[in-house]
Every structure is written in C-alpha cells, then in structure tokens.
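Taking it in order: structure first as structure tokens, then the write-up.
Note that the structure is a prediction, hence the values are computed from the model and not measured.
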There are 2 protein chains.
Amino acid sequence: MPRKVDHQERRTLIADALMRVAAEHGLEAVSLRHVAAEAGVSTGMVQHYFRTKDEMMTFAMGVVRDRSSARVSQAIAALGPDPEPRRLLRTLLVNLLPLGDESRADGRVALAFLAYTAVRPASTPALREDTEQMVGFIASLLPGGDSSAAAGVLALMEGLGMYLLGGQYSDDRALSTLDAHLDRLFGAAAR
Amino acid sequence: MPRKVDHQERRTLIADALMRVAAEHGLEAVSLRHVAAEAGVSTGMVQHYFRTKDEMMTFAMGVVRDRSSARVSQAIAALGPDPEPRRLLRTLLVNLLPLGDESRADGRVALAFLAYTAVRPASTPALREDTEQMVGFIASLLPGGDSSAAAGVLALMEGLGMYLLGGQYSDDRALSTLDAHLDRLFGAAAR
DNA sequence: GTCGTTACATTGCAGGTGCAATGCTACGAC
DNA sequence: GTCGTAGCATTGCACCTGCAATGTAACGAC
C-alpha cells in the first residue's frame with residue numbers, strides 16, 4: 001500500500017473550504033473550482049476525495065452537524081455533574097443558537113443546507129429523528145415532562161436562530177427572549 | 001403608444017413560473033431559460049420584462065411577501081369587527097405558518113429566498129422593520145403588552161414554520177404546540 | 001399611409017460548470 | 001529492483017449560464 005495520507009483529514013479540510021465559500025457567497029457559489037481554490041488545492045484533488053459534487057455536499061453537511069453537536073456536548077460537560085435542569089437546558093439551547101460572528105457563519109451554512117435539502121427530501125428522516133430525540137430530552141428536563149412544551153422550546157430556539165441570522169434580533173434580545181420563555185416554563189421563581 | 005399589455009400582469013406571470021421552479025427544484029435551478037420554459041414563453045420575453053436576473057429575483061420576492069401579507073389580512077378581516085385578542089393573534093400566526101401543501105410550497109420558496117439574501121444583506125433593513133412592526137402589534141394583543149413575550153411568540157411561529165418545512169413537525173403538532181404556548185401567555189383559562 | 005415605439009423572438013458569445021480521462025510521481029510490498 | 005497502486009495535476013469536453021445584439025411584427029399617434 002503506497003503513499004498514505006489521512007483521508008478523513010483531507011476531506012474535512014475540503015469541507016472547511018466549502019463552508020467558508022458557502023458562508024461568504026452562498027451555496028450557489030460552491031463549485032468544484034471555487035472550493036478547490038479556497039482550500040488551496042487543485043480541482044483534481046477535490047475530485048480524488050469526492051467522486052461527485054453531491055458527495056462533497058453531503059459530507060460537508062455531516063461535518064456541520066457533528067461540529068454543532070460536539071459544541072453542545074462539550075458545553076454541557078463543562079457544567080459539571082448533575083446540573084440543575086434549567087441550567088442544563090439553557091446551556092443546550094444557547095449553544096445551538098448562532099450567537100457571535102463565528103457561530104453565525106456556521107448558522108448561515110446550516111441554513112443554506114436546509115434550503116438545499118428542503119427540495120431533496122432524502123435526508124428528511126434523519127432530521128426527523130434528530131428532532132424527536134431532542135424533544136424527548138428536553139421534555140425530560142421540564143417540570144412535568146411536558147412534551148408539548150418541549151416542542152415549543154425547540155421551535156422557539158429555531159425561530160430565534162432564524163432572526164439572529166436575518167439580523168432582526170440582536171444577540172441580547174434573543175437571549176432575553178429565551179430566558180423569559182424559560183421563566184414561564186419553570187415558574188418565574190428561580191432565575 | 002403602441003401595443004399595450006399589462007406589464008404588472010406579465011411580470012407576475014413570470015414570477016409565478018419562477019416560484020414553481022424554485023419550489024420544485026430549488027433556487028439554484030432558477031435560470032432565465034428554465035423560468036421561461038416553465039412560463040411557456042421565450043427567454044427573450046423574460047428579458048424584456050426583467051433586464052437582469054437579479055431584478056427578476058427581487059420582484060419575485062416582493063410577490064411572495066405581498067401574497068403572504070394579503071392572505072393574513074384577508075383572514076383577519078374575516079374575523080369580523082373587534083375580535084378577541086387571542087383569536088386575532090392565533091389567526092395571524094396560523095396564516096403565517098406553512099400549513100397544507102400549497103402554503104408549504106410558498107414556504108419553501110420563502111426559505112430559499114431567505115438563505116439567498118442571508119449572504120446579500122441588502123434587504124436586511126426592510127426585514128428588520130417588518131419584524132419590529134410585528135412585534136409591536138403582537139405585544140398590543142398580549143396581556144400586559146409584554147413585548148418580550150411578543151418577540152417569543154413570533155420566534156416560536158418562525159421555528160414551527162421551519163420544522164413544518166423540514167417535515168419534522170406535522171400540521172397538527174405545530175398547531176397544538178402553538179396553542180399550548182398561547183395558553184401559557186393568556187392564562188390557560190379560555191381556550 | 002408613415003413612423004416611432006413597444007413587444008417580443010432568435011441568435012451568438014464569453015464564461016463557468018461538473019465530470020471523465022489521462023498522465024505523472026512517490027511510496028510500499030515483495 | 002520492480003511493480004502496482006494511491007495521490008494528485010492537467011486537460012478537455014459537453015453543457016449550461018446570463019446577457020447583449022439584432023431582428024421582426026404589431027399597434028397607435030398623426
């Protein structure tokens with residue numbers, strides 16, 4: 001077996017370039033050549049690691065998803081053992097929101113992918129499952145395990161994300177809106 | 001003055017074709033030729049009514065926006081004079097949600113446009129103003145005029161819309177989630 | 001009538017696209 | 001050593017893109 005390189009590493013390197021292009025110029029600017037140029041490699045190399053453009057896109061989507069979930073679980077782990085439910089939930093949500101410039105860029109990419117896959121419903125089942133799991137987990141944190149309320153928090157968070165990306169809400173406003181909602185769910189007592 | 005045709009009508013005819021293409025194959029499939037073919041006209045005609053592709057896109061976005069706001073005000077007008085605040089608010093929100101197949105197609109287009117403009121922040125101020133006005137109006141309907149709660153309802157609705165488009169929430173679930181939230185805001189008493 | 005303007009249709013072009021094909025090079029098994 | 005294969009680079013191609021240019025036909029003012 002000749003010349004060995006880390007496949008996964010190369011692929012994520014390319015995916016990173018893709019995300020940079022998408023964040024700056026939108027998904028429609030993502031082409032083999034653009035991505036290759038952004039990554040500082042030849043188009044041939046990109047083709048070597050992804051036989052088709054769609055394969056590249058799919059992989060990049062996976063990277064976005066993994067990064068986000070990694071950020072969340074790291075932030076949650078930092079809370080230490082047995083955190084209060086409200087604190088845990090808030091940490092979860094805050095880390096899913098596109099707050100700050102870097103995170104906002106990620107969010108833009110995610111949004112672009114969402115619009116992209118809205119037409120190609122291939123990945124819908126996976127999305128559905130993810131969401132369902134989320135709802136279940138959130139419900140377990142809420143007083144009474146109210147799963148309808150859980151679906152609400154999640155949707156609220158998603159909407160706040162949209163408005164953050166669209167520039168309609170500021171970071172502060174999104175956070176205070178979120179906290180007001182948590183007050184309502186947990187009873188305004190502890191804040 | 002020679003040959004008279006209704007400019008606005010032709011333009012919306014083309015915009016409709018564009019929306020059909022976008023709803024089915026995504027925004028990146030929108031090209032002069034595709035739209036022209038979908039509309040059953042020549043590309044020359046499309047060019048006649050829109051000097052540039054971007055002009056066409058912008059116009060189509062306006063159509064989407066106008067349609068949606070027209071649907072809402074019509075539904076509200078149908079409530080008759082002096083409706084109760086909660087009923088009014090619910091009508092407003094429900095008509096903004098992509099419920100049902102037709103409305104969902106519109107929603108997909110709107111989402112695509114959102115991702116499209118997320119990179120070209122030209123139209124951000126208009127969006128901002130729209131949202132702000134909405135928040136103000138909703139706050140005026142809520143007990144206590146709570147504008148933080150108003151921002152929450154709006155974001156919740158947006159998030160529900162996203163999950164409807166993504167296929168994560170069913171129509172029923174979105175509606176019951178919305179109602180549960182309204183219960184919380186108005187006090188669970190009247191439903 | 002004629003004439004100017006509008007409403008289109010057709011054609012052409014420079015540039016970009018995904019992708020296949022081919023070629024070269026460096027490494028590792030044997 | 002040599003040979004096969006992985007890792008890349010280059011090139012070429014058919015297709016599509018937005019857009020400009022040019023043509024033609026219909027209609028109204030005069």
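- One atom, CZ of B:Arg10, and another, P of C:dT6, lie 16 Å apart when rounded to the nearest Å.
- Nucleotide C:dA21 holds its C1' atom 20 Å from the CE atom of A:Met45, rounded to whole Å.
- Every salt bridge (Lys or Arg N to Asp or Glu O under 4.0 Å) that B:Asp171 has, sequence neighbours left out, goes to B:Arg104.
- In this structure, CE of A:Met56 is placed 12 Å from C1' of C:dT17, rounded to the nearest angstrom.
- Atom C1' of nucleotide D:dG7 and atom CZ of A:Arg11 are separated by 14 Å, given to the nearest angstrom.
- The separation between A:His25 atom NE2 and C:dT17 atom C1' is 17 Å, rounded to whole Å.
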Please list each protein N or O that sits under 3.5 Å from an N or O in nucleotides 15-19 of chain D, with the distance.
unit_1 : atom_1 : unit_2  : atom_2 : d
D:dT17 : OP1    : B:Ser31 : OG     : 3.3
D:dG18 : OP1    : B:Lys53 : NZ     : 2.9
D:dG18 : OP2    : B:Leu32 : N      : 2.8
D:dG18 : N7     : B:Arg33 : NH2    : 2.7
D:dG18 : O6     : B:Arg33 : NH2    : 2.8
D:dC19 : OP2    : B:Lys53 : N      : 2.8

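- Every pair passing salt bridge (Lys or Arg N to Asp or Glu O under 4.0 Å) that includes a residue from residues 22-35 of chain B is listed here, sequence neighbours excluded: A:Arg120-B:Glu28.
- Residue B:Phe50 contributes atom CZ, which lies 13 Å from atom P of C:dC8 at whole-angstrom precision.
- One finds a side-chain N or O of B:His48 lying less than 4.0 angstrom from the OP1 or OP2 phosphate oxygen of C:dA7.
- Residues that satisfy the salt bridge (Lys or Arg N to Asp or Glu O under 4.0 Å) test with B:Arg87, not counting sequence neighbours, are absent from this structure.
- Looking at residues two or more places apart in sequence or on another chain, you find a salt bridge (Lys or Arg N to Asp or Glu O under 4.0 Å) between B:Glu132 and A:Arg173.
- OP1 or OP2 of D:dG7 sits under 4.0 Å from a side-chain N or O of A:His7.
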Practice problem: May I have the step-by-step check of side chain to side chain contact (heavy atoms under 4.5 Å, CB included) for A:His25 and A:Val30, ending in yes or no? | Solution: CA-CA 8 Å; A:His25 306 289; A:Val30 170; over 6 Å; no
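- As rounded to whole Å, 11 Å separates atom P of D:dC8 from atom CG of A:Asp6.
- Evaluation of the salt bridge (Lys or Arg N to Asp or Glu O under 4.0 Å) test over residues 136-165 of chain A, restricted to residues two or more places apart or in two chains, returns none.
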